[in-house]
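Notes follow the structure.
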Amino acid sequence: QVQLVESGGGLVQAGGSLRLSCAASISILNRYDMGWFRQAPGKQRELVAAITPGGITNYADSVKGRFSISRDNTKNTVDLQMNSLKPEDTAVYYCNAQRLGYIAWGQGTQVTVSS
C-alpha cells in the first residue's frame, strides 16, 4: 500500500504562489504515475497535473503555464509549484499515485486564494 501525505497548503492572495509537497511511505514510488487533483465545493474532483515515472507531464488547461509538477524518486516526493494563483484555484488539493489498477490518495490540503 502507498500512504501519501500532502503539505504546503494555505491562504494566499491572487497573483501569489504556493508550493505543495507530497511525501510517500514507500521507496518504490518511482514505479507510479503521480498526480495532483483538486476539488472545489460543489464540483467534481479534477486532475490538475500528472507526471509519469519518466518525467512526462500533463496539465489541465486551466493551469497550463502557471503550475508545474515535479518528482524526486529518490526522496519519494512529488511537488506542485503554483504561480499566478487565481481565486478559481481555491480547492482541496489531493496527491495521487497510480500503477496499473491501483490508486492511492492523500488526505488533501486546503488552498485558498483571496481576491
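Computed from a predicted model, the values in this text were never measured in an experiment.
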Separation of [Y] [atom2] from [X] [atom1] (nearest 0.5 Å):
X	Y	atom1	atom2	result
Thr112	Leu11	OG1	CG	6.0 Å
Tyr32	Thr52	OH	OG1	15.5 Å
Gln13	Ser115	CD	OG	9.0 Å
Leu20	Leu80	CG	CG	5.0 Å
Met34	Ser70	CE	OG	11.0 Å
Ser7	Tyr93	OG	OH	15.0 Å

- Task: Give the cluster check for Trp105 versus Leu47: same hydrophobic cluster or not, with ILVMFWY residues linked at side-chain heavy-atom distances below 4.5 Å.
- Result: yes
- Message: Counting neighbours of CD on Glu46 that are heavy atoms of other residues, nucleotides or ligands and sit closer than 6.0 Å, is the number greater than 12?
- Response: yes
[X] side chain to [Y] main-chain N or O, any donor-acceptor pair under 3.5 Å?
X	Y	result
Thr90	Val113	yes
Tyr59	Ile69	yes
Glu6	Gly108	yes
Arg19	Asp79	no
Tyr102	Val2	yes

- Message: The test is side-chain contact (heavy atoms from CB on, under 4.5 Å); show your working for Val63 and Arg38 and say whether it passes.
- Response: CA-CA 12 Å; Val63 306; Arg38 68 185 181 187; 4.0 Å; yes
Given side chains that start at C-beta, do those of [X] and [Y] come closer than 4.5 Å, heavy atoms only?
X	Y	result
Asn76	Ile26	no
Tyr94	Gln39	yes
Asp89	Met82	no
Trp36	Cys95	yes
Pro53	Asp33	yes

- Cys22 and Leu4: side-chain contact (heavy atoms from CB on, under 4.5 Å), yes or no, with the steps? CA-CA 6 Å; Cys22 174; Leu4 306 171; 3.9 Å; yes
- Where is the tightest heavy-atom contact between Arg66 and Leu85, given as atom of each residue plus distance? NH1-CA, 3.8 Å
